[in-house]
*Asks:* 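A single structure is presented below for examination.
Predicted model only: the values in this text are computed from it and were never measured. Throughout, a chain's letter reflects where its sequence line sits, starting with A, and its residues are numbered from 1.
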Number of protein chains: 2
Amino acid sequence: MMLDERKKKILQAIIRNYLETGEPVGSRTISKYTDLNLSSATIRNEMADLEELGYIVQPHTSAGRIPSDKGYRLYVDSMMEENAKQVEELKEMLVEKEEKMDHLLKQVAKVLAVNTNYATMITAPRCQRNKLKFIQLSRVDENQLLAVIVIEGNVIKNSMISISEHLDDETMLKLNMLLNTHLNGLSIEDISLGMITALKQQAGHYGTIIGDVIDAVAETIKEDEDLEIYTSGTNNIFKYPELADNRRASELINTFEEKQLLSQLIDDSDTTEPGHEIKVYIGEEAPIQTMKDCSIVTANYEFGEGMKGTIGIIGPKRMDYEKVVGTLKTIKVQLDALYQQDDKKKLP
Amino acid sequence: MMLDERKKKILQAIIRNYLETGEPVGSRTISKYTDLNLSSATIRNEMADLEELGYIVQPHTSAGRIPSDKGYRLYVDSMMEENAKQVEELKEMLVEKEEKMDHLLKQVAKVLAVNTNYATMITAPRCQRNKLKFIQLSRVDENQLLAVIVIEGNVIKNSMISISEHLDDETMLKLNMLLNTHLNGLSIEDISLGMITALKQQAGHYGTIIGDVIDAVAETIKEDEDLEIYTSGTNNIFKYPELADNRRASELINTFEEKQLLSQLIDDSDTTEPGHEIKVYIGEEAPIQTMKDCSIVTANYEFGEGMKGTIGIIGPKRMDYEKVVGTLKTIKVQLDALYQQDDKKKLP
DNA sequence: TGTTAGCACTCAACTCGATAGAGTGCTAAT
DNA sequence: ATTAGCACTCTATCGAGTTGAGTGCTAACA
């Protein structure tokens, strides 16, 4: 049986109402709530059908109905009206652009959390293939060298290297030359063992230093790959009684704290095909076990040069999908734009 | 009235028992629990005294007694027996020393949380006065300079500077010389406006670059001063029913998330005089309003060159003070030692 | 004089039954 | 096809009664 227009309207009304109240919604309520001018008895009949079709369920015999995962899914897929919400305030907050990436990300997470009343997370943009862009060795004091490593996307890392003998300026220059001419533009896969030994040989007496530097490079790139995740508004879950009981809350808080658990979510939402950058997970669809009573909405933003980051909003299944998707779209656009801006600033 | 030995023993027994069970403890329990061989009636008399003195309270008329803040305080101050706990496991985990400071700190927080079953926090070591140690300008590409800034304690920060014209090697060298000879060893207060203009003049055509670099230096030092706080095991609060009700849990989780709220705690515990590096806050003594149902134990560790960090453990008032203080002491020693080790490695 | 046994009393927590009320399903009338 | 009406179901809530842990007090005891 296909859903006729009226059934759809009723389902939509049920969901909308449930989103607001969090309580099972009965036939009488719908009869008044909609502009269908139907009696509660008729609604009851329709609701019985909808239940049989699996779009709504009864928590117990004499209670109203609440949407099932399938019901939410239909709602999200086809029934949500697009409307440009007032996210102006949000835009403004983002405009005062933070200098540092991590500050910016933390702020975005926070703004999102405050705005939506759900828990949020965001990852820093990450590269698929990291290429080495630039290496600089300098002498900090008698016993220490500083290696500065810049990789594609202007990610910069530093590493201290201990040395046991003095290096004069000329040697420093030579080592820098050697490293840059041979390593620039290479990704971690490109740097072979053969190349390393060759370099060490060329450096002669200073081979160990070259070795140390290359180790540092490898570590830098590796480190950039294990991603940083920022979360905010986790205590928002207490606003939704269906998530706030002790066991569930504890599990959720833990998931948010153990960032690596969230990475499953990132990985999953990462595979989005272009044009569908926003994903919605409802209940059991979630890739994380502890979130099976939640809904999750994720969006991928781009930061140029193939760098992508992920934003996620986690809330109860009766999430205000319209608002969340709308807000995420806005944020995504803002973040995408941010990179363009950066780009322009670079070439005045 | 001074507490005689027996009253002390009874109080101690009450506290110990309450720590275990979390339930009010009655006279009969104590009569059995201790080796005093007293009847419950006698205990009752003593308990009445203890209550009058304010060391214990009754939640309601016909319930057992629980320790008051004052009772805990006495316990912590004078009645805790020092005993070397088995923190070997913990030592081992710390021994596999992480390269990166933030990794290490996160791990410490986690190990502590798992070990104690309380929520934990830790700050990175922070300097009182940051002196500039070394500056390095290098050319990354046609339009960008990279300024690497090293401050005392080997904190390293990077900053990109956009340039509109090509700089040749000689100029780069000159600028580096200029910056290092004039700025090294200075703290932020030492860099006067006069000095800046003088430097800019010397740099002539490249004065704006010098300005940019100095801005970056200022920002770097400032950034290092607003401290990073890592937390772990926040969901442990759900293990203690007296903290796990919705309102309290939400407030606590929020406090842990809004790191800046925790900084009040840091500031307060920072003022510790030498020899008393471990502080215990009980209930209302806590400098953070939301934690007035908790107890907090903090320790300061040192990282040489006047850098100090803070570790904190937050749990219910019926916290196992002995274990916590013992564990914190161990961790503190480990962290203190870590620096010494680092120091040695520097001078082989 | 300190300790203890005994007893009456208190109070939170639990159980049980009754009740109210929201909501349903079914049937018969429109 | 829709609706009014009614019997039915189930949860939530409230109050009464019960239980049991624990106290305070008193009188007896060593």
*Asks:* How long is the line joining CG of A:Asp49 and P of C:dC26, in whole Å?
*Replies:* 12 Å
*Asks:* Do the side-chain N or O atoms of B:Thr61 get closer than 4.0 angstrom to the phosphate oxygens (OP1, OP2) of C:dA12?
*Replies:* no
*Asks:* Any salt bridge linking A:Glu242 with A:Lys317? Criterion: basic side-chain nitrogen under 4.0 Å from a carboxylate oxygen.
*Replies:*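 The answer is no: the pair does not qualify as a salt bridge.
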*Asks:* What is the nucleic acid contact for A:Ala63, judged by heavy atoms within less than 4.0 Å: base, sugar-phosphate only, or nothing?
*Replies:*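 Sugar-phosphate contact only - A:Ala63 comes under 4.0 Å of backbone atoms but never of a base.
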*Asks:* What is the distance from CD1 of A:Ile30 to P of C:dA22, rounded to the nearest Å?
*Replies:*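 Taking CD1 of A:Ile30 and P of C:dA22, I get 16 Å after rounding.
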*Asks:* Which nucleotide in the list D:dT2, D:dT23, C:dT24 gets nearest to the side chain of A:Arg65?
*Replies:*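 That would be C:dT24.
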*Asks:* For C:dT4, does OP1 or OP2 lie under 4.0 Å from any side-chain N or O of B:Arg28?
*Replies:*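 False: B:Arg28 side-chain N/O out of range (4.0 Å or more) of C:dT4 OP1/OP2.
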*Asks:* Would you mind classifying the nucleic acid contact of B:Thr42 as base, sugar-phosphate or nothing, using non-hydrogen atoms under 4.0 angstrom?
*Replies:* base
*Asks:* Can you tell me which nucleotide in C:dA5, D:dC10, D:dT23 comes closest to the side chain of B:Met47?
*Replies:*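 Selected nucleotide (nearest to the side chain): D:dT23.
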*Asks:* From CD of B:Glu51 over to P of D:dG22, roughly how many Å is that when rounded to an integer?
*Replies:* 15 Å
*Asks:* Does B:Ser62 place a side-chain N or O at less than 4.0 Å from the phosphate oxygens OP1/OP2 of C:dC11?
*Replies:* no
*Asks:* Where the side chain of A:Leu38 is concerned, which of D:dT3, D:dT23, D:dC6 is the nearest nucleotide?
*Replies:*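 That would be D:dT3.
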*Asks:* Against B:Glu46, only a single residue in B:Lys9, B:Arg6, B:Lys8 fulfils salt bridge (charged side-chain N to carboxylate O under 4.0 Å, His left out); can you say which?
*Replies:* B:Arg6
*Asks:* Between B:Tyr118 and B:Tyr240 (judged by ring centroids, cut-off 6.0 Å), do the two rings come close enough to count as a pair?
*Replies:*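 Yes, the ring centres sit under 6.0 Å apart.
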*Asks:* Check every strand shown and say whether A:Ser40 touches a base, only sugar-phosphate, or nothing at a heavy-atom separation below 4.0 Å.
*Replies:*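 Answer is nothing: A:Ser40 stays at 4.0 Å or more from every strand.
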*Asks:* Rounded to the nearest angstrom, tell me the gap between atom CG in B:Asn45 and atom P in D:dA27.
*Replies:*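 After rounding, the reported distance stands at 15 Å.
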*Asks:* Find out whether A:Ile66 and A:Ile56 are in side-chain contact, i.e. whether some heavy atom of one side chain is under 4.5 Å from a heavy atom of the other.
*Replies:*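 SC-SC contact between A:Ile66 and A:Ile56 ruled out.
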*Asks:* Specify the separation, in whole Å, of atom NZ of A:Lys7 and atom C1' of D:dA1.
*Replies:*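 After rounding, the gap between these two atoms is 12 Å.
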*Asks:* For the side chain of B:Arg44, starting at C-beta, report the closest nucleotide among C:dT24, D:dC10, D:dT23.
*Replies:*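 Selected nucleotide: D:dT23.
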